[in-house]
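Structure record follows, encoded as structure tokens.
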Amino acid sequence: MIFWRRIKMVEKYEESRLYQLRHSAAHVMAQAVLEKFPEGKVAIGPPVEDGFYYDFDLPRPLTPEDLEEIEARMREIIKANEPFIYEEVSADQAREIFEDQPYKLELIDGLEEGGVDEHGNPVDEKPVISIYKSDTFVDLCRGPHLEHTGQINPKAIKLMSVAGAYWRGDEHNPMLQRIYGTAWLSPQDLKQYLQFLEDAKKRDHRKLGRELDLYSISDAVGSGLVLWHPKGAMIRYLSERFWEDEHLQNGYDLVYTPHIGKADLWKTSGHLDFYAENMYSPIEIENQQYFLKPMNCPFHIEIYKSDIRSYRDLPLRYAEMGTVYRYERSGVLHGLMRVRGFTQDDAHHFCTPGQMPEEIDFVLSFSLNFLRSFGFNEISAYLSTRPEKAVGDPERWQAAEAALEASLKRAELPYEVDQGGGAFYGPKIDLKIKDALGREWQLSTIQFDFNNPERFDMSYIEEDGQPHQPYMVHRALLGSMERFFGILIEHYAGAFPLWLAPVQAVIIPIADRHVDFARAVMADLKAAGLRVKLDQRSDRMNAKIRDAEKQKVPFMLVVGDREMENSQVDVRRRSGERLGALPVADFKALALKDVAEKLVG
RNA sequence: GCCGAUGUAGCUCAAUGGUAGAGCAAUCGCCUUGUAAGUGAUAGGUUAUGGGUUCGAUUCCCAUCAUCGGCUCCA
């Protein structure tokens with residue numbers, strides 16, 4: 001379950017030697033698997049981001065021992081320096097070669113018809129049918145490959161896991177067994193990659209969430225329903241207060257809306273027609289059906305519609321931490337990243353066509369500033385444009401896309417255009433941030449909606465005295481508080497910046513006689529608004545420091561005889577850095593300054 | 001939802017067809033400590049839940065639930 005992407009160093013991966021290497025490794029693996037299971041059927045085996053996979057239809061499930069055996073056999077094949085031999089064939093010749101391979105036969109049909117490559121991906125031209133032979137293995141394949149298997153470094157490959165995958169990615173098709181492997185140019189690269197995986201594992205928000213007592217998910221409550229513990233709740237509280245302040249200072253109005261709404265509302269919005277499978281079953285009372293809200297939009301629209309709007313009232317910006325419930329299939333739930341009840345930092349903008357470009361400019365720069373406040377400085381964007389099937393006035397689409405692109409250019413943001421990738425109801429910008437490990441996560445979305453204004457018959461009165469349809473923009477900066485929290489945990493590896501740290505400092509008295517002084521220091525710091533705890537267990541100072549360190553508390557304040565005498569605290573950062581003994585007032589000033597500046601680290 | 005794996009103390013893990021143990025954490029003492037683990041004792045488990053096989057199940061079988069790795073889908 002990958003919610004993030006690694007940034008590729010190679011500009012054109014498909015043309016790189018690494019790509020060839022991985023593709024070749026996939027063939028070697030397929031050969032090893034077929035030797036072990038001669039009756040096995042092969043599907044496809046392409047390189048992927050950090051390695052490669054191959055899908056098989058095999059008589060029995062593979063075990064970890066099988067993988068070891070296959071990997072060992074791969075090394076033998078590599079050692080044999082088997083050449084990869086390219087050959088172009090006709091469709092009929094190909095059918096003969098792969099007569100026992102039904103999946104390949106299906107691919108050959110596709111190739112012959114044209115329009116798709118040997119992996120079933122759409123291509124412009126009708127591809128040439130080609131095969132690659134190496135040793136005993138023949139594959140329907142466009143290549144390119146290495147010259148021979150010996151160019152694969154046997155110490156730079158590793159089979160990672162086996163998993164189920166649907167033939168051609170369609171859940172109505174049979175499920176195949178997919179073996180994931182990784183392959184690198186050198187053993188050092190492999191080692192580095194495995195190290196990366198381990199680092200990522202250490203940061204896993206599910207692990208840190210428990211260790212730092214941030215949140216839990218209880219069987220008794222239900223899957224995908226998050227319980228925010230006091231420390232996690234503090235981080236959310238601080239994030240939300242900041243969020244509210246920023247919105248109020250930037251022309252938003254805060255609104256609150258209920259968690260359920262009548263069936264008719266969801267009928268009007270189209271959710272019951274197009275989104276029903278993700279909605280919880282209705283609650284019935286007094287002959288009315290109510291649904292838990294999967295989105296906030298209809299409520300904000302109803303607020304808009306509660307009065308007649310003039311062009312003078314626009315733009316209107318309604319913002320809400322809106323908690324929604326979506327039924328997610330059991331297999332997709334994942335810690336905080338994918339849950340069934342979550343709070344979106346939602347907002348809807350309503351404006352006139354004339355205001356629209358400026359409104360987009362505003363929302364983009366507002367988003368960027370906001371993300372930077374949380375320590376995300378590397379941001380890039382996706383611009384998704386009109387798909388073939390779309391609702392709304394084409395002129396409006398064009399204007400909206402132009403405004404989105406112009407804003408991206410003004411913001412000097414790197415972006416990619418996903419032609420036709422927009423939703424049927426409007427174009428959008430998605431913002432991606434890069435975390436401390438270089439992983440990319442999609443957070444913000446700024447999305448036009450040409451559907452709802454129509455469905456809800458929204459209007460404002462223009463200068464001409466006539467009703468006009470407003471532009472509606474939906475946006476979320478953090479996405480959902482749950483997912484954002486998960487990303488934040490992993491980005492900081494649990495070591496939150498001072499302004500977000502649930503406990504900012506732990507006071508560590510050396511002996512019992514220092515506890516009274518420690519209490520006085522704590523009261524002083526708390527009065528200044530700092531979140532401070534006193535560790536008065538009868539453990540040794542070293543043990544208390546170790547615990548505070550493990551809890552990633554930003555400051556440890558040691559107080560002993562010397563400090564007590566001089567009204568000082570001995571300040572240690574969680575990094576291990578010693579700031580030495582400081583007067584309590586100096587520490588207070590230092591900490592408050594860091595908080596105010598939202599310093600990271 | 002699908003494929004595969006897993007489910008034993010708060011956490012990380014052992015063990016067994018004859019009703020379970022360790023380390024850490026917790027609790028209670030002793031020690032009163034100078035920048036990542038002082039020390040002793042105590043307590044803690046219907047072995048996920050429900051069935052079945054068996055003289056006997058935590059262990060074997062089935063179902064359910066949950067979690068993990070993927071697929072599909074997504075904030």
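Everything numeric here is computed off the predicted structure, so don't read it as measured data. The figures that follow rest on heavy atoms only: side chains count, while hydrogens, waters and symmetry mates do not. Every chain is numbered from 1 and lettered A, B, ... according to where its sequence line falls, protein lines coming before strand lines.
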B:G69 OP1/OP2 closer than 4.0 Å to side-chain N/O of A:Arg206: yes
Quiz item: cation-pi between A:Arg236 and A:Trp243, 6.0 Å / 45°: no
Watson-Crick/G-U partner (both atom distances under 3.5 Å) of B:A37: none
Mate of B:C24 where both pairing distances stay under 3.5 Å, Watson-Crick or G-U: B:G10
Candidates B:G34, B:G38, B:A75 - which lies nearest the side chain of A:Val339: B:A75
Phosphate contact (B:U33 OP1 or OP2) by A:Arg513 side-chain N/O below 4.0 Å: yes
Donor-acceptor pair (no angle test) under 3.5 Å: A:Tyr327 side chain, B:G1 base: no
Which residue lies more 5' along RNA chain B, comparing A:Arg537 with A:Gly331 via nearest heavy atoms: A:Gly331
Heavy-atom donor-acceptor pair, A:Arg326 side-chain to B:C74 base, under 3.5 Å: no
Out of B:U72, B:A75, B:U32, whichever nucleotide has its closest atom nearest the side chain of A:Asp512: B:U32
Listed nucleotide nearest any side-chain atom of A:Arg483, set B:C3, B:C74, B:C31: B:C74
Touch class at under 4.0 angstrom, heavy-atom based, for A:Glu563 against every strand present: base
Phosphate contact (B:C2 OP1 or OP2) by A:His172 side-chain N/O below 4.0 Å: no
Pairing partner of B:U59 (Watson-Crick or G-U wobble, both distances under 3.5 Å): none
Candidate nucleotides B:G1, B:G69, B:G34, ranked by approach to the side chain of A:Ile510 - the nearest: B:G34
B:C61 versus B:U16 - spacing of their P atoms, nearest Å: 16 Å
Rounded P spacing from B:U49 to B:C11 in Å: 15 Å
B:C71 and B:U59, which share atom name C1', separated by this distance in whole Å: 33 Å
Check: A:Arg206 main-chain N/O paired with A:Asp204 side-chain donor or acceptor under 3.5 Å: yes
Base paired to B:U64 (Watson-Crick or G-U; both N/O distances under 3.5 angstrom): B:A48
Flag side-chain contact, heavy atom, 4.5 Å: A:Ile179 against A:Tyr53: no
A:Tyr180 vs B:C71: side-chain N/O to OP1/OP2 distance below 4.0 Å: yes
Donor-acceptor under 3.5 Å (A:Thr182 side chain, A:Asp50 main chain): yes
Residue A:Tyr166, side-chain heavy atoms: nucleotide from B:C71, B:C74, B:U33 that is nearest: B:C71
Nucleotide nearest A:Arg338 (side chain, heavy atoms from C-beta), chosen from B:C74, B:G38, B:U72: B:C74
Gap separating the CH2 atom of A:Trp4 from the NZ atom of A:Lys434, nearest 0.5 angstrom: 13.5 Å
Sugar-phosphate, base or nothing in reach of A:Asp170, heavy atoms under 4.0 Å: nothing
Residue A:Ala543, side-chain atoms from C-beta onward, closest of B:A37, B:G34, B:U32: B:A37
Presence of salt bridge, A:Arg168 and A:Asp170, under 4.0 angstrom: no
Minimum-distance nucleotide to A:Arg572 side chain [options: B:G34, B:G1, B:A36]: B:A36
Sugar-phosphate, base or nothing in reach of A:Gly169, heavy atoms under 4.0 Å: sugar-phosphate
Touch class at under 4.0 angstrom, heavy-atom based, for A:His514 against every strand present: nothing
Complementary nucleotide for B:C74 - Watson-Crick or wobble, under 3.5 Å: none
Touch class at under 4.0 angstrom, heavy-atom based, for A:Asp547 against every strand present: nothing
Touch class at under 4.0 angstrom, heavy-atom based, for A:Ser538 against every strand present: base
A:Ser330 side chain near B:G1 phosphate (N/O to OP1/OP2, under 4.0 Å): yes
Between B:G23 and B:A14 - P atom distance, rounded Å: 16 Å
Rounded distance (Å) that lies between atom C1' of B:C11 and atom NE2 of A:His229: 14 Å
Whole-Å gap separating P (B:G4) and CG (A:Leu67): 15 Å
Heavy-atom donor-acceptor pair, A:Glu328 side-chain to B:G1 base, under 3.5 Å: no
Charged N-O contact under 4.0 Å between A:Lys432 and A:Glu378: no
Phosphate contact (B:U39 OP1 or OP2) by A:Arg540 side-chain N/O below 4.0 Å: no
Counterpart base for B:G69, defined by Watson-Crick or G-U wobble contacts under 3.5 Å: B:C3
Whole-Å distance separating the OH atom of A:Tyr215 from the P atom of B:G10: 19 Å
B:U67 OP1/OP2 closer than 4.0 Å to side-chain N/O of A:Ser223: yes
Residue mapping more 5' on RNA chain B - nearest nucleotide basis, A:Gly224 or A:Lys550: A:Lys550
Touch class at under 4.0 angstrom, heavy-atom based, for A:Gly479 against every strand present: sugar-phosphate
Side-chain-base donor-acceptor pair under 3.5 Å for A:Asn542 and B:U35: no
Under-4.0 Å salt bridge between A:Asp55 and A:Arg178: yes
